[in-house]
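This report refers to the structure that appears directly beneath it.
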Amino acid sequence: MKILMVCLGNICRSPLAEGILKTKITERALDWEVDSCGTSGWHSGELPDPRSIDIAHQYGIDITDQRSRKLVVDDLNEFDIIYAMDSSNFIDIKRLAKSELQQNKIKLILNEAWADQNRAVPDPYWDDNGFEKVYQMLDKACEAIIEKYA
Ligand code: 4NP
């Protein structure tokens, strides 16, 4: 199983999603791969946002090995499931999909925990207090992903 987490900048939400899911995979000794990227390349090559690094650290997860990168067309071939954090990420990824197979790989991550509700992981970039809430939402979604596919 190869899973890709996608947000806008790949510095706040998707690095947390990657770190949380990788931790659960390691705990369960699953043979899965997880990566993350952004629909924009605005922060390419940068570390995750310090506030994401901090909240992950509070829960015992180190995400400082990650560097931001932009989504590329080939990601739609490479990965089995592509999780968007919000509807604008979802639409931007869908624009790159060339086949029904690729279209069907793209999902809103919170639908795994709250089925069919199309909830968004709110962008915490402009909200210093948003990171705890984002962490909790992503933790719940990643737990649901493990339960569904493991
Ligand atoms: P992310 O958050 O998509 O969760 O990484 C953002 C990061 C940077 C910007 C917007 C959202 N930005 O405007 O630079």
Side-chain angles (χ1 to χ4, degrees), residues 1-26 32-98 102-146 148-149:
M1 179 77 90
K2 292 182 77 171
I3 294 179
L4 184 64
M5 303 293 191
V6 186
C7 62
L8 175 61
N10 190 213
I11 55 168
C12 296
R13 293 166 291 178
S14 60
L16 274 177
E18 177 184 335
I20 292 166
L21 188 57
K22 276 184 171 166
T23 302
K24 292 182 189 295
I25 285 167
T26 303
W32 293 8
E33 281 180 39
V34 185
D35 192 11
S36 66
C37 65
T39 55
S40 80
W42 299 339
H43 296 273
S44 282
E46 293 178 19
L47 275 161
D49 187 285
R51 297 164 296 178
S52 281
I53 292 174
D54 277 355
I55 196 80
H57 189 70
Q58 283 175 40
Y59 290 95
I61 299 174
D62 181 7
I63 60 168
T64 59
D65 59 329
Q66 297 186 35
R67 298 293 180 273
S68 177
R69 73 167 178 92
K70 187 178 178 181
L71 176 73
V72 292
V73 171
D74 199 43
D75 286 323
L76 290 137
N77 285 326
E78 271 295 304
F79 290 88
D80 302 307
I81 308 179
I82 299 170
Y83 284 119
M85 300 294 125
D86 65 30
S87 59
S88 81
N89 312 145
F90 184 83
I91 291 163
D92 289 342
I93 306 163
K94 284 257 177 189
R95 280 202 196 105
L96 296 181
K98 291 195 181 74
Q102 291 186 348
Q103 295 282 354
N104 291 339
K105 293 178 176 185
I106 306 162
K107 301 169 192 289
L108 275 173
I109 190 167
L110 293 189
N111 278 351
E112 297 291 10
W114 294 279
D116 304 323
Q117 293 189 21
N118 295 337
R119 291 193 193 187
V121 182
D123 185 348
Y125 189 63
W126 305 106
D127 175 13
D128 286 346
N129 299 315
F131 285 79
E132 173 69 31
K133 189 172 154 195
V134 164
Y135 183 93
Q136 295 303 336
M137 289 174 158
L138 290 174
D139 187 61
K140 191 154 185 216
C142 289
E143 196 61 39
I145 290 166
I146 295 268
K148 186 168 172 183
Y149 295 104

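Worth saying up front: this structure is predicted, and the values here are computed from it rather than measured. When reading the values below, keep in mind they use all heavy atoms of this one structure, side chains included, and skip hydrogens, waters and symmetry mates. Just follow the structure's listing: the first ligand is 1, and inside any ligand the first atom is 1.
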What is the closest protein heavy atom to atom 4 (O) of ligand 1, and at what distance does it sit? Arg13 NE, 2.8 Å
Show, in sequence, the C-alpha distance, side-chain angles and deciding distance for Ile11 and Ser52, and conclude whether the side chain to side chain contact (heavy atoms under 4.5 Å, CB included) test is met. CA-CA 8 Å; Ile11 55 168; Ser52 281; over 6 Å; no
Run the contact test for Met85 against ligand 1 with a 4.0 Å cut-off on heavy atoms, strictly below, and give the result. no
With heavy atoms of Ile11 as the reference, note each atom of ligand 1 found under 4.0 Å away. 5 (O), 7 (C), 8 (C)
Charged N to carboxylate O below 4.0 Å: is that the case for Glu46 and Arg67? no
Look only at interatomic distance and state if Trp42 has a nitrogen or oxygen under 3.5 Å from any nitrogen or oxygen of ligand 1. no
Shortest protein contact, atom 12 (N) of ligand 1 (heavy atom only): Tyr125 CE2, 3.5 Å
Angle between ring planes, Trp32 versus Tyr149, binned at 30° and 60°: parallel, tilted or perpendicular? perpendicular
Numbered in order shown, the ligand 1 atoms found under 4.0 Å of a heavy atom of His43 are 8 (C), 12 (N), 14 (O)
Closest by any non-hydrogen atom to atom 2 (O) of ligand 1: pick that one out of Asn89, Asp123, Asn10, Val121. Asp123
Do me a favour and list the nearest non-hydrogen protein atom to atom 1 (P) of ligand 1 with residue, atom name and distance? Cys7 SG, 3.5 Å
Only one of Gln102, Lys70, Arg69, Lys105 forms a side chain to side chain donor-acceptor pair (under 3.5 Å) with Asp75, so which one is it? Arg69
Test Asp35 against Glu18 for side chain to side chain contact (heavy atoms under 4.5 Å, CB included), laying out the working first. CA-CA 6 Å; Asp35 192 11; Glu18 177 184 335; 3.9 Å; yes
Taking the side chain as every heavy atom from C-beta outward, state whether Ile93 and Leu76 have any pair of such atoms under 4.5 Å apart. yes
Are Met85 and Leu138 close enough, and set up right, to give a side chain to side chain contact (heavy atoms under 4.5 Å, CB included), and what steps lead you there? CA-CA 9 Å; Met85 300 294 125; Leu138 290 174; 3.8 Å; yes
For ligand 1, which atoms, with element, lie under 4.0 Å from some heavy atom of Gly9? 1 (P), 3 (O), 5 (O)
List every atom of ligand 1 that sits less than 4.0 Å from any heavy atom of Cys12, numbering the atoms from 1 in the order shown and giving each element. 1 (P), 2 (O), 4 (O), 5 (O)
